Amino acid sequence: MINLLPNPYHYDLYREYLNEIRFVWVSKFILYSLGWACFFTYVILLFGYGVRDSKYFLLDVSGLLLRFSGIILNKQFEIPKIFDHLLDPDIYLSRSAAKTIVMHRNEIMGRFLTNVYGRYFPKALMTLPLEEISIFTKRLKQKKWNWRKIGPWYFTSLICFLVFVIRILV
């Protein structure tokens, strides 16, 4: 059993969790908006003005990549950091994560299980004890690719591609 005694260090993991969720939603909104803006600009140039230059096709490709990036971002933050903190070797951080998960179980576990299983996840998983949650998270992290490392590489290459496209179009 994980001891839930107060610790000498104060970690505000619930606020960090909320900031992570807010970051994902805002980033997805920006990526999807830019993707659709690139696509509609391409359609307006193609059908509205009759521009047939092949370099403007890169706008359509950029729009597709930007919209696809929302999926990559979702996979990158599929397992919230609070569950990574639950597995952390630092005892105080692990206790703080456990305490936060216990205090806000419905919200944190509900969103986590929805990310993993979809909307209709098994409701029995909501009442798992902390030890089983940590085992479940550890197995889930071993089973899946490490999207926390793949995501930054993907977004770095996406930024390089977008800089390349902007240089060609301007």
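These figures come from a predicted structure and were not determined experimentally.
- The CD1 atom of Ile71 sits 9.5 Å away from the NZ atom of Lys28 when rounded to the nearest 0.5 Å.
- Leu13 is listed as a side-chain neighbour of Leu93, based on a closest heavy-atom distance under 4.5 Å.
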**Request:** Please report the C-alpha distance between Lys55 and Leu169 in whole Å, then the side-chain angles of each, then the deciding distance to 0.1 Å, and finally whether the side chain to side chain contact (heavy atoms under 4.5 Å, CB included) criterion is met.
**Result:** CA-CA 7 Å; Lys55 70 180 180 180; Leu169 293 178; 4.1 Å; yes

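- Residues Phe161 and Val61 are in side-chain contact: their nearest non-hydrogen atoms beyond the backbone lie under 4.5 Å apart.
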**side chain to side chain contact (heavy atoms under 4.5 Å, CB included) between Asn106 and Met126, intermediate numbers included** = CA-CA 7 Å; Asn106 287 335; Met126 286 288 286; 3.6 Å; yes

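- Cluster annotation: Leu162 and Phe29 are assigned to distinct hydrophobic clusters (Ile/Leu/Val/Met/Phe/Trp/Tyr, side-chain heavy-atom contacts under 4.5 Å, transitive).
- A distance-only check finds no donor-acceptor pair linking the side chain of Ser94 to the backbone of Asp90 [under 3.5 Å].
- Counting heavy atoms from C-beta on, the side chains of Arg111 and Tyr17 come closer than 4.5 Å.
- Both Leu86 and Met109 are members of a single hydrophobic cluster when ILVMFWY side chains are connected at heavy-atom separations under 4.5 Å.
- Hydrophobic clustering, with ILVMFWY side chains joined whenever heavy atoms are under 4.5 angstrom apart, keeps Ile135 apart from Leu113.
- Here the side chains of Ser69 and Leu158 are in contact, with some heavy-atom distance below 4.5 Å.
- Judged as a side chain to side chain donor-acceptor pair (under 3.5 Å), and not counting sequence neighbours, Tyr42 has no contacts.
- With rounding to the nearest 0.5 Å, the separation of CZ in Phe164 from OG in Ser157 is 14.0 Å.
- For the atom pair CG (Leu18) and CZ (Arg15), the distance works out to 8.0 Å, reported to the nearest 0.5 Å.
- Interatomic distance, CD of Glu78 versus CG of Leu140, reported as 6.5 Å (0.5 Å rounding).
- Once rounded to the nearest 0.5 Å, the distance linking CG of Leu58 with CD1 of Ile166 reads 11.5 Å.
- If you chain together hydrophobic residues whose side chains sit under 4.5 Å apart, Leu34 and Ile168 fall into the same group.
- Other residues, nucleotides and ligands contribute only 12 or fewer heavy atoms inside 6.0 Å of the NZ atom of Lys81.
- The shortest side-chain heavy-atom distance between Tyr154 and Leu73 does not fall under the 4.5 Å cut-off.
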**Message:** Is there a side chain to side chain contact (heavy atoms under 4.5 Å, CB included) between Phe57 and Leu46? Walk through the geometry before answering.
**Reply:** CA-CA 9 Å; Phe57 179 70; Leu46 184 65; over 6 Å; no

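- Ring geometry for Phe39 versus Trp36: interplanar angle over 60°, hence perpendicular rather than tilted (30 to 60°).
- For the pair Ile150 and Gln76, the minimum side-chain heavy-atom distance is 4.5 Å or more.
- Of the residues Trp147, Trp25, Phe23, the one that meets the ring pair (Phe, Tyr, Trp, His ring centres under 6.0 Å) test with Phe77 is Phe23.
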**Message:** Assess the residue pair Tyr56 and Tyr49 against the criterion (side chain to side chain contact (heavy atoms under 4.5 Å, CB included)); give the C-alpha distance rounded to whole Å, side-chain angles, the decisive distance to 0.1 Å, and a yes or no.
**Reply:** CA-CA 12 Å; Tyr56 292 109; Tyr49 295 105; over 6 Å; no

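- With a 6.0 Å cutoff to the six-membered ring centre and a 45° limit on the axis angle, Lys123 counts as a cation-pi contact of Phe121.
- When every heavy atom of Phe112 is checked against every heavy atom of Pro80, the shortest pair comes out as CD1-CD, 3.6 Å.
- When side chains are defined from C-beta on, Arg148 counts as touching Asp84, because their heavy atoms get closer than 4.5 Å.
- Using cut-offs of 30° and 60° for the angle between ring planes, the His104 and Tyr14 rings count as parallel.
- One hydrophobic cluster holds both Val51 and Val43 under the rule that ILVMFWY side chains link at heavy-atom gaps under 4.5 Å.
- Distance alone, capped at 3.5 Å, is enough to place a donor-acceptor pair between the Ser134 side chain and the Glu131 backbone.
- Put simply, the side chain of Leu125 reaches to within 4.5 Å of the side chain of Leu128, judged on heavy atoms.
- In this structure, the separation between CD1 on Ile82 and OG1 on Thr137 is 10.5 Å, given to the nearest 0.5 Å.
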